[in-house]
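What follows is a short report on a single structure.
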Protein chains: 2
Amino acid sequence: MEIELNEKQLQIMKKALEVFAEKGFDSASVRDIAQRAEVNVAMISYYFGSKEKLLEAIFMNNTQFMKNKIAAIIHSKAHGPFEKLDLLIDTYVSVIVENRDFHRLMMREQVLIKQGPLYSSIRDMKRQNRNLIEVAVKSGQKAGIFQKNIDISMLAATLFGSVHHFFSNYKFICEENNIPEGDDEAFNTKVIEKLKSHLKVMFKAFLTYGISNKK
Amino acid sequence: MEIELNEKQLQIMKKALEVFAEKGFDSASVRDIAQRAEVNVAMISYYFGSKEKLLEAIFMNNTQFMKNKIAAIIHSKAHGPFEKLDLLIDTYVSVIVENRDFHRLMMREQVLIKQGPLYSSIRDMKRQNRNLIEVAVKSGQKAGIFQKNIDISMLAATLFGSVHHFFSNYKFICEENNIPEGDDEAFNTKVIEKLKSHLKVMFKAFLTYGISNKK
DNA sequence: TTGAATTAAACAAACGTTTAATTAATTTTT
DNA sequence: AAAAATTAATTAAACGTTTGTTTAATTCAA
């Protein structure tokens with residue numbers, strides 16, 4: 001299933017991702033992509049077959065990349081349930097931040113993707129993420145420090161939904177926090193870091209709700 | 001600012017919203033919309049000026065509707081902070097459920113809307129929602145039952161993000177919960193109701209975190 | 001010399017919008 | 001109240017672009 005990609009193909013995919021994230025798949029024209037990637041329009045059909053298949057290639061590439069990143073957490077030897085949870089939140093948020101363009105594209109287009117390899121790929125990634133949460137929660141429940149009645153789906157919705165919210169509302173949040181748009185560093189330190197600690201605290205509060213606090 | 005709309009215009013807007021939500025603004029063609037609304041294509045330009053302005057009309061109509069719904073909460077006489085919070089969550093979720101198509105459309109297109117009346121309209125709605133949370137939280141803090149250090153932006157992200165997650169992942173969630181797609185009743189009772197109570201419990205756990213529990 | 005890479009041009013299809021003609025409804029005038 | 005005049009609603013067709021893709025010729029590399 002591994003497909004080798006030459007430099008030109010990667011260049012097209014990189015620029016295409018930018019344009020797709022910026023304008024959305026449908027509004028992004030192949031001529032625009034070709035121009036930014038500094039290749040002839042015909043090269044897109046030549047290498048990928050079609051605009052649609054170019055999108056598929058980008059999806060396959062990035063979902064695989066993100067899956068690998070997340071999978072690394074599973075095999076890391078985080079000690080207690082709290083550490084597991086913190087690591088999960090930190091990693092997940094960071095992965096999204098590092099792949100902001102792709103994340104935006106995926107979130108935008110996933111509603112319209114109802115079948116095919118793209119759907120399967122996204123679904124697998126979601127399952128993996130969900131399982132990761134489950135592992136962390138169950139380890140805490142076994143240790144007797146997390147409460148028993150936890151709906152993993154709901155917890156996942158809160159985690160992924162909260163993170164996604166900050167990117168789909170990027171401009172609005174920049175306005176509210178007096179951050180100049182495009183200043184990624186300020187956004188990361190002022191917003192993303194706050195988000196991480198918020199999620200950690202909230203999850204702890206929720207998961208230990210009703211359990212005798214031994215702080 | 002109130003614009004009177006005749007029956008034909010409302011018919012076009014209704015069907016257009018369906019198509020926009022289904023295919024996205026760019027992929028939805030005016031011919032498709034016209035066909036579903038059973039009018040001639042030219043009627044769209046005739047009544048609204050352009051496809052873009054049709055979108056604007058739909059946005060203005062629905063944001064106003066949703067704003068009014070939410071505003072009603074402010075003036076309701078919910079008693080304690082917990083009741084305020086519960087009412088807020090119930091109402092917000094219900095409003096989204098009842099305007100599913102528009103919510104989907106707005107979430108999808110808002111990333112690309114960076115200025116103009118649409119942006120202002122969406123921003124105002126978000127501000128209003130945010131303020132509503134703030135009122136509920138502050139009333140709890142004054143009563144001494146909520147902890148002091150609460151970041152309203154983060155709480156808003158969690159509420160709106162979680163809710164939105166269930167609609168942008170509609171198909172995935174139906175699969176996981178063995179709900180046939182399109183069975184709105186099953187989705188509402190099995191998923192939406194669970195979401196509501198999950199949010200209520202989680203918010204309570206988080207907001208009272210560290211406060212002596214007098215349950 | 002063979003095959004891959006690259007190009008400009010052409011392609012048909014679909015797009016949003018406009019036009020000009022016709023029908024329906026409303027208002028004004030007789 | 002009937003007729004005439006005016007405005008609004010509706011239509012099919014055409015408009016000019018833009019779209020993704022293909023073709024056929026050419027350049028480049030092995």
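Within every chain, numbering begins at 1; the chains are lettered A, B, ... in the order of the sequence lines, protein sequences first and strands thereafter. Side chains are part of it too, since the values below use all heavy atoms of this structure and drop only hydrogens, waters and symmetry mates.
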Listing request: all salt bridge (Lys or Arg N to Asp or Glu O under 4.0 Å) pairs with a residue in residues 112-121 of chain B, at least two apart in sequence or in separate chains. none

Distance, rounded to the nearest Å, where B/Ile44 contributes CD1 and D/dA9 contributes C1': 15 Å

Does C/dG16 have its OP1 or OP2 closer than 4.0 Å to a side-chain nitrogen or oxygen of B/Ser50? no

Candidate nucleotides D/dA14, D/dT22, C/dA10, ranked by approach to the side chain of A/Ser45 - the nearest: D/dT22

Which residue lies toward the 5' end of DNA chain C, A/Ala42 or A/Arg31, if each is placed at its nearest nucleotide? A/Ala42

Given the ring of A/Phe48, does A/Lys53 sit roughly above its face, with NZ or CZ under 6.0 Å from the centre of the six-membered ring and within 45° of the axis? no

What do you reckon, are the aromatic ring centroids of B/His165 and A/His165 less than 6.0 Å apart? no

Send over the distance from B/Tyr46 OH to D/dT10 C1', rounded to a whole Å. 9 Å

Looking at every strand, decide which applies to A/Ser29 at a 4.0 Å heavy-atom threshold: base, sugar-phosphate, or nothing. sugar-phosphate

Without decimals, in angstroms, what is the distance between B/Lys53 NZ and C/dT17 C1'? 12 Å

Rounded to whole Å, how long is the line connecting atom CD of A/Glu52 with atom P of D/dT19? 17 Å

Less than 6.0 angstrom from the centroid, inside 45 degrees of the normal: does B/Lys51 satisfy that with respect to the ring of B/Phe20? no

For D/dA8, does OP1 or OP2 lie under 4.0 Å from any side-chain N or O of B/Lys8? no

Respond yes when some side-chain nitrogen or oxygen of B/Tyr47 is under 4.0 Å from OP1 or OP2 of D/dA8, and no when none is. no

Measuring from the side chain of A/Lys51 (C-beta onward, heavy atoms only), which nucleotide among D/dT23, D/dT21, C/dT17 has the closest atom? D/dT21

Is NZ or CZ of B/Lys196 both nearer than 6.0 Å to the six-membered ring centre of B/Tyr92 and within 45° of the ring axis? no

Closest listed nucleotide, where the reference is the side chain of A/Asn6 and the choices are C/dA5, D/dT21, C/dT17: C/dA5

Side chain of B/Val30 (C-beta onward), nearest among C/dT17, D/dT11, C/dT7: C/dT17

Examine D/dA12: is either OP1 or OP2 under 4.0 Å from a nitrogen or oxygen in the side chain of B/Asn40? Give yes or no. yes

Which part of the nucleic acid, if any, lies within contact of B/Ala34, taking any heavy atom under 4.0 Å across all strands shown: a base, the sugar-phosphate backbone alone, or nothing? nothing

